Asker: 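Take a look at this one; I'll ask things after.
One is the number of the first residue; the rest follow in order along the sequence. Computed from a prediction, not measured in an experiment: that's the story for all the values here.
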Amino acid sequence: MTTMSMDRIRIRGGHRLSGEIAISGAKNASLPLMAAGLLTEERLVLSRVPVLADTTTMGQLLAQHGIAVERITNDGHTLSLGGAITNTEAPYDIVRKMRASILVLGPLLVRTRQARVSLPGGCAIGTRPVDLHLKGLEQMGAVIELDGGYVNARAPQGLHGATIVFPMPSVGATENLVMAACLADGRTVLANAAREPEITDLCDCLVAMGAQISGIGTDRLTIDGVHALHGAHHEVIADRIETGTYACAAAITGGALHLAGGRMDHLGAVTRTLAEAGVEITETPTGLDVRRMNGLHGVDAITEPYPGFPTDMQAQYMVLMSVAEGASLVTETIFENRFMHVPELNRMGANINVHGKSAIVRGVPYLSGAPVMATDLRASVSLVLAGLAARGETIVNEVYHLDRGFEAVEQKLAACGADIERIPG
Ligand code: EPZ
């Protein structure tokens, strides 16, 4: 899974899903947690890390910084990280594959007082600047220059604490600055910080490594720098986006699924929105039970920072709405260009019109299978959902997007009755 897969996925729609799906560890928690391995020379053991193209890429990035990254269990889900930083440059060739590479900047800078990290550039879902990461580090004493597509950062006196008020919550900037602040001199306050469950998971791990952080889970984090962090063992939280995605899969096929390990308290606005649309989610001792009540109804959704409706669920939710009764308005406020799945869904018979930041989805009685392709990872899984519900055969191309973020998607769905298979490319 290290090279870009040209595989395709074939789905024959119309099968109700039933059974159990084990939810994997969260990709977007694992990536910053792996970057936290740069904060200590001792061993950081992370369990429940999903085996995905993106976690493999992060492993490669850390390895070239000098950190030994080993998968120490047969299932590949437990990673051991450790070692000294021998190289402080994050090269374009790795960063261009995965924007989350920028998360090494804060840790490298606070540990070695210098870092050179390729600028990630734009991507399919929007321009996605990193100015908030850089400004925060400057407030902590870094001197930053942009040169030849790289961020050159130095902190000759080391980083010091600062009060940083974000103009808007940013997941990645909050993570970068929390990691840097753990080893900076003095107190850092991050106000209007993002408070996604992945950030809470990172903070919990940092505390286990000896960091002093208060306000965890809120939008105001206070971090008192310490001299060194030590090793720890941390289990990654279950992936809330994968959970929500399979909840939509159960609903759209009129089925019922048990999502083992799924957590209601991480779903935020998703639970309420799906409930209004006619999808029941109940918590059990081992996870979540999801089933569709009667019909699906059109319900509006607007993407917002956590605990609002996640942008990473917008495409999947739109597929559900495309076969619901009535119309719904789906508004994207986080990324400016995250409707690329719409033309593909319309080719499958959906009736969706985009007007600026909003899409009007008018429910249709059924979707029809078609060859489709995706431009980002959440869009590609939305096409898989559409294929599960559609009449006939759907071929999803450009599957490497899917492989970045969904572990064993075709095995998990096939085990619950979907007619889905990977066609090697
Ligand atoms: C994280 O991206 C996730 N990635 C994204 O998931 C997710 O969509 C996003 O958060 C929002 O929830 C990871 O966790 C690895 P942001 P991130 O900084 O950190 C603007 C997926 O599919 N902004 O919270 O990059 C930015 O343009 C991915 O798994 C600035 O203006 O998101 C956006 O409009 C896609 N300047 C908003 O803030 C900055 O310096 C929120 O972005 C940083 C961000």
Side-chain angles (χ1 to χ4, degrees), residues 2-3 30-46 49 51-72 76 78-120 130 133-134 137 140-160 172 175-185 202 205-206 208-211 225-234:
T2 48
T3 53
S30 300
L31 298 174
L33 285 165
M34 290 175 72
L38 290 164
L39 292 170
T40 175
E41 284 188 17
E42 292 184 22
R43 223 155 93 104
L44 175 63
V45 176
L46 299 174
V49 176
V51 177
L52 294 169
D54 275 13
T55 51
T56 301
T57 301
M58 185 57 96
Q60 288 164 349
L61 181 60
L62 295 177
Q64 65 87 50
H65 289 309
I67 305 296
V69 182
E70 285 173 77
R71 296 193 189 266
I72 56 175
T78 303
L79 290 187
S80 156
L81 311 171
I85 297 168
T86 53
N87 167 30
T88 56
E89 177 166 328
Y92 175 69
D93 266 355
I94 298 183
V95 178
R96 72 182 169 85
K97 280 201 251 174
M98 186 182 69
R99 294 181 50 87
S101 303
I102 192 76
L103 294 172
V104 301
L105 179 60
L108 286 174
L109 192 55
V110 79
R111 281 294 306 287
T112 69
R113 301 189 168 192
Q114 58 171 29
R116 185 171 147 82
V117 176
S118 175
L119 274 170
V130 292
H133 304 235
L134 304 186
L137 291 170
M140 296 174 73
V143 179
I144 292 180
E145 287 165 1
L146 303 183
D147 166 44
Y150 277 76
V151 177
N152 280 335
R154 288 178 298 118
Q157 322 294 328
L159 293 181
H160 55 72
E175 292 165 345
N176 233 335
L177 297 180
V178 165
M179 288 189 281
C182 287
L183 291 175
D185 185 21
L202 173 65
C205 176
L206 292 169
M209 294 167 74
V226 296
H227 286 297
L229 295 181
H230 51 73
H233 180 179
H234 179 80

Asker: Of L109, L134, V95, which meets side-chain contact (heavy atoms from CB on, under 4.5 Å) against V151?
Answerer: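 Passing option: L134.
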
Asker: Going by the rule salt bridge (Lys or Arg N to Asp or Glu O under 4.0 Å), which residues pair with E89 if we only count those two or more places apart in sequence or in a different chain?
Answerer: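 Residues passing salt bridge (Lys or Arg N to Asp or Glu O under 4.0 Å) with E89: R116.
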
Asker: When you look at CZ of R71, are more than 12 heavy atoms from neighbouring residues, nucleotides or ligands closer to it than 6.0 Å?
Answerer: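 Result for CZ/R71: enclosed.
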
Asker: Salt bridge (Lys or Arg N to Asp or Glu O under 4.0 Å) with D185: which residues, sequence neighbours excluded?
Answerer: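 By the salt bridge (Lys or Arg N to Asp or Glu O under 4.0 Å) rule, D185 matches no residue at all.
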
Asker: Taking side-chain contact (heavy atoms from CB on, under 4.5 Å) as the test, write out the residues that go with T88, two or more places apart.
Answerer: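 So T88 forms a side-chain contact (heavy atoms from CB on, under 4.5 Å) with I85, T112, Q114.
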
Asker: For H133, which residues count as a side-chain hydrogen bond (donor to acceptor under 3.5 Å, both in side chains) partner, sequence neighbours excluded?
Answerer: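 Expected list: N176.
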
Asker: Restricting to side-chain hydrogen bond (donor to acceptor under 3.5 Å, both in side chains), what partner residues turn up for H160, sequence neighbours left out?
Answerer: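 If we apply the side-chain hydrogen bond (donor to acceptor under 3.5 Å, both in side chains) test to H160, skipping adjacent residues, there are no hits.
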
Asker: With no hydrogens and no angle check, is any side-chain donor or acceptor of Y150 less than 3.5 Å from a backbone partner on Y92?
Answerer: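 Yes, Y150 side chain to Y92 backbone: donor-acceptor pair under 3.5 Å.
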
Asker: Got a second to check how far R113's CZ is from Q157's CD, nearest 0.5 Å?
Answerer: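 Answer rounded to 0.5 Å: 7.0 Å.
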
Asker: With sequence neighbours left out, what residues match R154 under side-chain contact (heavy atoms from CB on, under 4.5 Å)?
Answerer: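 For R154 the side-chain contact (heavy atoms from CB on, under 4.5 Å) partners, ignoring immediate neighbours, are V143, P156.
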
Asker: Measure the CG-CG distance between L44 and L38 for me, rounded to the nearest 0.5 Å.
Answerer: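 It is 10.0 Å, given to the nearest 0.5 Å.
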
Asker: Return the set of residues passing side-chain contact (heavy atoms from CB on, under 4.5 Å) with P32 (not counting sequence neighbours), or none when no residue passes.
Answerer: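 Expected list: L103, E175, L202.
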
Asker: Could you note down all residue pairs passing salt bridge (charged side-chain N to carboxylate O under 4.0 Å, His left out) where residues 30-41 supplies at least one of them, sequence neighbours left out?
Answerer: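 Every salt bridge (charged side-chain N to carboxylate O under 4.0 Å, His left out) pair that includes a residue of residues 30-41, provided the two are not neighbours, is E41-R111.
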
Asker: Without swapping roles, check the side chain of T40 against the backbone of L229 for a donor-acceptor pair under 3.5 Å.
Answerer: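 Side chain of T40 to backbone of L229, a donor-acceptor pair under 3.5 Å: yes, one is there.
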
Asker: Only counting residues at least two apart or in another chain, list the ones meeting side-chain contact (heavy atoms from CB on, under 4.5 Å) with H230.
Answerer: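 Testing H230 for side-chain contact (heavy atoms from CB on, under 4.5 Å), a comparison that skips the adjacent residues, returns E42.
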
Asker: Can you list the residues that meet the side-chain hydrogen bond (donor to acceptor under 3.5 Å, both in side chains) rule with T57, with sequence neighbours excluded?
Answerer: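 T57 satisfies side-chain hydrogen bond (donor to acceptor under 3.5 Å, both in side chains) with no residue once adjacent residues are dropped.
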
Asker: OG/S101 to CG/D54 distance, rounded to the nearest 0.5 angstrom?
Answerer: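 Answer rounded to 0.5 Å: 8.5 Å.
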
Asker: Q64: which residues meet the side-chain hydrogen bond (donor to acceptor under 3.5 Å, both in side chains) condition with it, sequence neighbours left out?
Answerer: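 Checked Q64 against side-chain hydrogen bond (donor to acceptor under 3.5 Å, both in side chains); matches are N87.
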
